Every structure is written in C-alpha cells, then in structure tokens.
Amino acid sequence: MSNAEQTMDLAAPNGFNWRPYIVRAGQIAFAVFLIWVWKAGSQSAGEMFVADPFKVWDRLLKIAASGELGHHTYVTLKISAIGFAIGCFFGVGLPFVLRRLPRFTDAIEPFIMASVGVPKYALIPLFILWFGINDAPKLWLIGLLVFYPVFIAIFAGIRGVDSRLINMARVVGASESRISREVIWNALLPFFFSGLKIALPRAVSAAIIGEFLVGNEGIGYYIEHSRQQMDVTGAFTGIIVATALVLIVNSALVYIDRKFSAWRPTDRHMEL
Amino acid sequence: MSVLLEVRDLAKRFATRAGREPSPWIIQGLSFSVNEGEFLTIIGPSGGGKTTLLNMIAQIDAASGGEIRFQSQLAPINDMKSLKPGLNCQIGYVTQEDNLLPWRTCLENVLFPLLVQGKLNDETRARAQTLIRAVGLAGWEDHYPHELSGGMRKRTSLIRTLVYDPPVILMDEPFGALDAQTRLQLQDDLMRLWNLGKKTIVFVTHDISEAIALGDRTLVLTRQPSSVAGEHRITIPRPRDIRGILTHPEFIELYQRIRAQVQ
Ligand SMILES: Nc1ncnc2c1ncn2[C@@H]1O[C@H](COP(=O)(O)OP(=O)(O)OP(=O)(O)O)[C@@H](O)[C@H]1O
Ligand SMILES: [Mg+2]
C-alpha cells in the first residue's frame with residue numbers, strides 16, 4: 001500500500017514528475033550490473049567460452065566499419081521480411097476465405113489445430129531434402145512460423161467481431177466488401193498486432209536458424225562460422241546483433257500498433 | 001393514406017440451443033399495419049420482443065412464421081440468407097444499443113452511412129453538421145465513442161440514421177438514456193423533423209407519456225409470447241406542445257387506458 005501512495009506522490013499533478021527519471025536511472029544501473037556479470041563470467045570461465053564484453057564491442061565497431069555487419073544484417077532482414085510477408089499473407093487471407101465457408105471451416109478446423117502441434121524446426125531437414133540447399137527451406141520455415149500465430153489470432157478475432165456492428169453497417173447500405181474492410185478489419189487489428197508480436201521475433205529467429213544450416217551469409221551464418229573458427233568473440237557479437245535486430249523490429253511494431261489504435265481507450269495498466 | 005408496412009400473424013422463436021429446453025415463442029399472432037407518413041409508437045413489457053420485432057422489420061433477423069410486407073415485398077421467412085437488411089436504405093434503424101464503430105470519431109460515425117452509400121459531398125456534410133449542432137454534439141465531433149457519455153453516443157447513433165434521410169425509420173427506445181431536458185429537446189426536434197418530411201416512424205418506448213405525446217397511434221404489446229393487447233388512436237391535434245401536453249384532457253384519458261393495458 002505504501003508503495004502505491006509513494007507512486008501517487010511522485011506523480012503529483014502539479015509537482016515535477018520524477019518517476020520516469022528514477023525508472024530510467026534504475027535501468028541504466030541494472031544494465032551496468034549485467035555487463036559486470038558478463039565480464040566476471042568471461043574471466044572465470046575463460047575467453048574460450050565466454051567472450052569479453054569489451055572485445056565484443058570492439059568487434060562490433062570493426063565489422064560495422066568494414067561493411068560486414070551491414071551486409072549480414074541486410075541478408076537476414078531480407079529473408080525474414082520475405083518469409084514474414086508470405087506467412088502473413090496466408091495467415092490473414094485464409095481466415096477471411098474460411099469466413100465465407102462455415103461448413104468447410106468446421107470440417108477442417110481440427111486438422112488445422114492439430115498441425116499447430118507439429119514442431120516446425122523439426123521439419124528443417126525435410127525442407128532441405130525437398131527444396132535443396134538454397135533460400136527456399138528458410139522461407140518455408142519462416143513462413144510457417146509466422147503463419148500460425150497470425151492465422152490463429154485472426155481466426156479467433158473474426159469469430160469475436162460484434163455481429164451487431166455488422167448488422168448496423170448492412171442496414172445503412174454497406175457492401176460485404178466494405179464490411180470486410182471497415183468493420184471486420186478494424187475489429188481485427190488488435191488481434192492482428194498481438195499475432196504479429198509473436199510472429200515477428202520468430203521470423204528473425206527462424207531466419208538465423210536457417211542460416212546456421214544453409215548458406216554463407218547472414219547473421220546466423222556469421223555466428224556459426226565464428227564458432228567453427230573458435231572465434232567466441234565473433235559468435236557473441238552475432239548474438240548481440242541478432243538481439244538488437246529483434247528489439248528494433250519489435251519497437252517498430254509497437255510504434256505502428258500505437259498509430260493504428262489511437263482510438264482504443266488508453267489505460268496505463270492495460271498498455272502492457 | 002396507403003398501408004406501407006403490414007405485419008400479419010407474425011411468429012418468432014429463436015433456435016433451440018443443444019441441451020436446453022425448447023426455446024419459447026417470443027412473438028405469436030402479432031398483426032398490425034403502418035400507414036405511409038404515420039408515427040406509430042409501440043409500448044410493451046421488457047423482454048416482450050419489441051427489439052426482436054424491429055429486427056425482423058429491418059430484416060436483420062428472419063421471422064419464424066407469418067408475414068411482413070413492406071410496400072409490396074414480402075420479407076423472407078426462416079431464411080437468414082435472403083434477408084435484405086435495411087431494404088436498400090429504405091428503412092433506417094436506430095437500435096437500442098448505439099452500435100457506433102469504436103475506431104471512428106463521432107463525426108466519422110455520423111458520416112459512415114453517407115460514405116458507404118457514395119453520397120458524401122459538401123451538401124450532405126453540411127447536413128451532418130446541422131444535425132450535430134441540433135442534438136448538442138457541437139465540439140465533440142473529434143471524440144471517439146469511448147470518450148463520449150452514454151447519452152451522447154445515443155444522440156450520435158440517432159443522427160447517424162437521420163443524416164441519410166431514409167423514408168422509414170425504426171427507433172428502439174432512442175431517448176431512454178437521456179436526462180429529462182435533453183429528452184424533451186430531442187422529442188421536439190423529432191416532431192419538427194417528422195412534420196417537415198412526413199416520414200414514417202415506428203418508435204418503441206417504455207414511457208407511456210412519450211408514446212402518447214409523439215404518436216398518431218399507440219400499440220400496446222402483451223407479455224411473451226407477444227401480440228397486440230390494444231391499439232389507441234391519438235387525435236390530440238398537431239403541432240403539439242410536448243411540455244404542455246401532459247395536462248391535455250385527451251392525454252389524461254389515454255394515459256389511464258394504456259396504463260391499464262400495460263402489464
Ligand atoms: N438472439 C437471441 N437468442 C435467443 N433469445 C433471444 C435473442 N434475442 C432476444 N431473445 C429473447 O427474446 C425475448 C425478447 O427480447 P427483446 O430484446 O426483443 O425484448 P424487448 O421487448 O426489446 O425488451 P426491452 O424492452 O428490455 O429492450 C427475450 O426473452 C430474450 O431473451
Ligand atoms: Mg429491446
């Protein structure tokens with residue numbers, strides 16, 4: 001209880017609001033602490049296993065200057081984006097098609113739900129067997145990993161659209177395609193974004209795993225190649241880059257979500 | 001005056017859900033007609049099937065039996081697929097819930113019918129602005145529904161129907177959630193509008209005074225299964241003074257007769 005009172009005091013409407021600064025300072029302190037733990041770990045385990053954080057930083061600057069960083073990042077982002085687009089296309093499109101075919105939907109629903117359970121990463125060897133050693137197996141993997149969360153979110157969302165709003169739109173003369181675009185799509189957006197929040201990081205992870213196995217460029221390749229060369233610093237650098245990539249992609253998503261859902265009631269406790 | 005809408009021997013029951021008792025008849029043997037340009041008010045007990053009746057007239061729900069004839073077209077019976085909601089914008093429907101689109105602002109909601117009908121132009125926009133001012137929503141145009149009060153949302157949904165000027169309007173307790181003052185104001189506005197355009201209005205309410213003050217005729221419905229318990233022609237001359245009408249001798253007499261019929 002005293003905690004809540006304190007928060008109230010800090011966020012007093014007229015006084016200066018210290019709260020964000022205190023939180024920020026705490027975050028920085030924690031980040032410093034984590035780097036210290038990392039450094040200590042590197043010293044006790046040996047640099048053969050855990051790279052030195054400062055050497056990772058130097059490496060980062062070096063590959064950034066040589067253009068290597070940009071190239072690998074571009075390759076990974078590109079394959080993630082293409083796979084993501086494919087997965088999204090089917091993940092969004094299929095529920096809209098199924099909406100028009102209720103009986104067919106009821107028939108195939110158990111099969112779709114069963115296929116969710118297939119561990120997608122386990123399919124990589126098959127994809128390589130079927131599609132060869134090129135980008136295709138990666139695209140299949142990424143596409144599938146993106147498809148499922150988007151499909152499930154949109155599918156559930158479509159069932160939850162308020163039929164009274166649809167009726168209202170029909171009465172005032174809206175065509176079925178207008179209803180899809182206006183009423184159903186807008187009601188779905190929150191579901192879509194919650195699907196994307198799962199799908200986007202997965203797309204990048206899947207691209208990296210694909211690159212471990214196939215190809216000779218991309219961040220995944222850089223990590224695996226470094227490991228083969230016993231270059232632990234390189235592997236750690238790759239991991240840092242991959243993490244940063246996922247974080248950037250995610251915050252872009254949060255930004256877009258905010259733009260699109262300006263109409264939603266904003267509640268500080270809900271926004272999390 | 002010609003009959004515009006005719007309801008004959010109407011019956012409705014909802015589909016029975018698995019594992020429940022067979023669903024009851026909500027409406028059974030309900031018959032009445034509405035003339036062109038008439039203001040019909042309907043009173044009935046809560047849960048009696050008034051909203052269900054309007055849904056069937058607006059063709060967003062199908063009747064289980066009987067006939068609903070609009071002009072000369074029969075509404076499909078028991079066949080949700082062939083319904084024509086709103087009958088090509090000939091029937092406007094102010095629903096009991098406001099049913100505003102939460103991602104559209106007040107103004108954008110009001111303009112929505114014009115937008116989908118391809119009738120959005122300077123003239124209709126001006127009309128929308130006039131209506132917004134008339135119902136006291138000026139200054140709130142850019143607010144989203146969740147930022148408006150219940151009464152304001154209700155007023156928005158009311159003018160969303162008025163803005164495209166359908167010849168027939170169904171209203172389901174449109175003034176239920178409003179304070180006495182706003183309510184009187186809107187009743188006045190509705191009367192004036194109706195006098196101008198001679199629309200046909202079917203108006204559902206819980207309030208006997210409102211039913212008498214506004215209507216040419218009041219229909220009293222029974223409890224479930226709902227049918228007509230009584231019908232009262234209201235001959236109080238127009239234009240009526242909504243505020244003064246409460247002391248009109250005919251009003252008092254009608255009020256008592258209807259009061260006795262409402263169960
Ligand atoms: N979709 C539905 N499925 C099953 N039963 C329904 C459905 N809609 C309404 N009912 C039932 O029909 C009956 C009449 O409901 P309706 O909404 O028409 O009443 P009403 O006269 O408008 O009441 P109120 O004045 O409270 O708005 C109620 O008993 C309700 O339970
Ligand atoms: Mg009702």
Side-chain angles (χ1 to χ4, degrees), chain A residues 92 98-106 109 153-154 157-196 255-271, chain B residues 51 54-62 80-81 83-106 108-120 142-148 156-157 159-166 168-170 172:
Chain A
V92 173
L98 293 181
R99 190 174 87 85
R100 302 280 173 102
L101 309 167
R103 240 168 269 156
F104 179 67
T105 307
D106 288 345
E109 195 183 342
I154 297 270
I158 280 190
R159 293 210 166 155
V161 177
D162 189 345
S163 61
R164 292 171 303 182
L165 292 187
I166 297 180
N167 279 334
M168 179 282 297
R170 287 199 179 122
V171 166
V172 303
S175 64
E176 286 306 304
S177 79
R178 167 73 76 173
I179 288 173
S180 285
R181 272 178 295 142
E182 167 83 29
V183 183
I184 297 178
W185 178 243
N186 277 296
L188 279 182
L189 267 182
F191 291 90
F192 181 52
F193 277 108
S194 66
L196 285 194
Y255 176 78
I256 298 170
D257 187 15
R258 290 249 169 86
K259 283 255 135 147
F260 267 108
S261 45
W263 56 270
R264 278 206 307 254
T266 45
D267 183 81
R268 197 158 46 93
H269 304 290
M270 250 176 60
E271 244 176 42
Chain B
T51 301
L54 293 191
N55 285 347
M56 289 188 289
I57 297 176
Q59 293 205 17
I60 58 182
D61 198 356
M80 294 291 283
K81 286 247 166 64
L83 291 174
K84 272 173 41 193
L87 290 110
N88 297 325
C89 309
Q90 289 186 90
I91 298 187
Y93 186 8
V94 182
T95 46
Q96 192 165 10
E97 294 99 11
D98 52 67
N99 289 336
L100 297 176
L101 300 173
W103 48 85
R104 283 179 166 263
T105 61
C106 167
E108 288 168 347
N109 264 294
V110 173
L111 296 180
F112 180 68
L114 299 171
L115 176 74
V116 302
Q117 293 169 19
K119 288 203 253 166
L120 201 54
D142 293 334
H143 287 66
Y144 288 100
H146 76 267
E147 299 167 322
L148 300 174
T156 309
S157 86
I159 59 176
R160 174 180 57 190
T161 297
L162 297 182
V163 78
Y164 70 97
D165 206 23
V168 180
I169 303 183
L170 314 176
D172 199 350

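All of these numbers come straight from a predicted model, not from anything done at the bench. When reading the values below, keep in mind they use all heavy atoms of this one structure, side chains included, and skip hydrogens, waters and symmetry mates.
- Of the listed residues B:T105, B:I91, B:L101, the one with more heavy-atom pairs under 4.5 angstrom with chain A than any other is B:L101.
- By number of non-hydrogen pairs under 4.5 angstrom with chain A, the leading residue of B:L100, B:V116, B:T161 is B:V116.
- Per-residue heavy-atom pair counts under 4.5 Å with chain A were compared for B:P166, B:C89, B:A58, B:P145, and the maximum is reached by B:C89.
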Task: CA sep, side-chain torsions, deciding dist, call: B:R160, B:N99, side chain to side chain contact (heavy atoms under 4.5 Å, CB included) - done: CA-CA 11 Å; B:R160 174 180 57 190; B:N99 289 336; 4.1 Å; yes

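- Using a 4.5 Å cut-off between heavy atoms, B:L114 makes no contact with chain A at all.
- To the nearest 0.5 Å, the span separating CD1 on A:I184 from CG on A:L165 amounts to 10.5 Å.
- Heavy-atom pairs under 4.5 Å with chain B peak, among A:I166, A:N186, A:L189, at A:N186.
- The CG atom of B:L120 lies 6.0 Å from the CG atom of B:L115; values are rounded to the nearest 0.5 Å.
- Heavy-atom neighbours of A:F193 CZ from other residues, nucleotides or ligands within 6.0 Å: above the threshold of 12.
- If you check the side chains of B:E108 and B:W103, you find no donor sitting under 3.5 Å from an acceptor.
- In this structure, chain A has no heavy atom under 4.5 Å from any part of B:N88.
- In this structure, B:T95 OG1 and B:I60 CD1 are separated by 7.5 Å, a value rounded to the nearest 0.5 Å.
- Of the atoms belonging to B:E97, it is side-chain heavy atoms, and not backbone ones, that fall under 4.5 Å from chain A.
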Task: Check against ring-ring contact (aromatic ring centres under 6.0 Å, His included), A:F192 and A:W185 - done: CA-CA 9 Å; A:F192 181 52; A:W185 178 243; 5.4 Å; yes

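- The part of B:Y164 that comes within reach of chain A is its side chain, from C-beta onward, which places non-hydrogen atoms under 4.5 angstrom from that chain.
- Contacts between A:R178 and chain B at a heavy-atom distance below 4.5 Å involve the side chain alone, from C-beta outward.
- With a threshold of 4.5 angstrom between heavy atoms, B:L87 does not approach chain A through any atom at all.
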